[in-house]
Structures are given as C-alpha cells and as structure tokens.
Asker: 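Take this structure, written in structure tokens, and hold onto it; I'll ask about it next.
Counting convention: from 1, in listed order, for ligands and their atoms alike.
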Amino acid sequence: MKIDHIAIAVDDLKEAVQTYSTLLQVDDIEYERVESEGVSVAILHLENGRIELMEPIGDSSPIKKFLEKKGPGLHHIALETEGIDSQVSRMTSCGIRFLGEVRPGSAGTRVTFIHPKSLHGVLAELCAHPK
Ligand code: CO
C-alpha cells in the first residue's frame, strides 16, 4: 500500500494551481476532467506523490456540495494498492464501509472510497493504476 495522492477541493482551480505550483515549485502539472466524479482536476506531480486540486464542474457535483458545506480544503487521501478487488473484500470482512463499487477513476485507474466513519473521519480513496 502506498500513498498515491492527496486531493483538495477548491473554488477556483486556476487560482489554486497558481498558489500551489508557485509555493511547491512544481511545473509538472496535468489537467483532467473526470465527468464521473463531476470535477475538473489539476494534478501536481511531486517527487513522491501527487497533489490533486479539484474544482466542481456542475451543480450536481459532490465536490460542489462539499464546498458549500465545508468550504475549500482537504477532501481525501488516496491509497494505491494492487488487487483492488481482493483488498475491498478483505477490508469489508474487517468491517470497513465503502462508498460505492470499484469504478473507473482518472487516468485509467480503478477506484472506490472508504467511508470516513470507517477511518476516524478521513475520506480515503482506494485506487489501482492500469498495468
Ligand atoms: Co482522488
């Protein structure tokens, strides 16, 4: 298991990219629209992981609701694993609750989310990269 990325919900993607890229001196930035999650994402590649800045792309976006309720800030951490399906089964048998099935995420990944109630208040994505 590895830490894959840290995702931050923002109101203004352009402004957030400006702030983070300047502060962290990162110029390796990818942009992606993830329709399935209702977000436009900027991915900042650091040496040992990524920071993903997420802006909602519609009123029905879960990130829109998050921003309205809590304001901008840390949204989830993502843990990378191989054999995501067997990890989900293993964790489910340990009593971990998931938010939805394993589904396609950004950049060809397969993802699901662990309910914050199962992780002491932290929303966590479980993800597997394509081989
Ligand atoms: Co994520």
Asker: Verify, without hydrogens or angle tests, whether H5 (side chain) and A7 (backbone) share a donor-acceptor contact under 3.5 angstrom.
Answerer: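 Not confirmed, H5 side chain does not pair with A7 backbone.
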Asker: Charged N to carboxylate O below 4.0 Å: is that the case for R50 and E80?
Answerer: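 No, R50 and E80 are not salt-bridged.
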Asker: If two hydrophobic side chains count as joined below 4.5 Å and joins carry through other members, does F66 share a cluster with F113?
Answerer: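 In one cluster with F66: F113, no.
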Asker: If I take every N, O or S atom of D4, is at least one of them less than 2.8 Å from the Co ion (ligand 1)?
Answerer: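 Of the N, O and S atoms in D4, none lies under 2.8 Å from the Co ion (ligand 1), which means no.
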Asker: What N, O or S atom of E125 is found closest to the Co ion (ligand 1)?
Answerer: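 In E125, the heteroatom (N, O or S) nearest the Co ion (ligand 1) is OE1.
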Asker: Check whether any N, O or S atom of H75, backbone or side chain, sits closer than 2.8 Å to the Co ion (ligand 1).
Answerer: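 It does not; every qualifying atom lies at 2.8 Å or beyond.
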Asker: Does L13 offer a backbone N or O that forms a donor-acceptor pair with the side chain of E55 under 3.5 Å?
Answerer: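 The answer is yes, because a donor-acceptor pair under 3.5 Å joins these two groups.
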Asker: Do any of the N, O or S atoms of H76 sit under 2.8 Å from the Co ion (ligand 1)?
Answerer: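 Checking H76: at least one N, O or S atom is under 2.8 Å.
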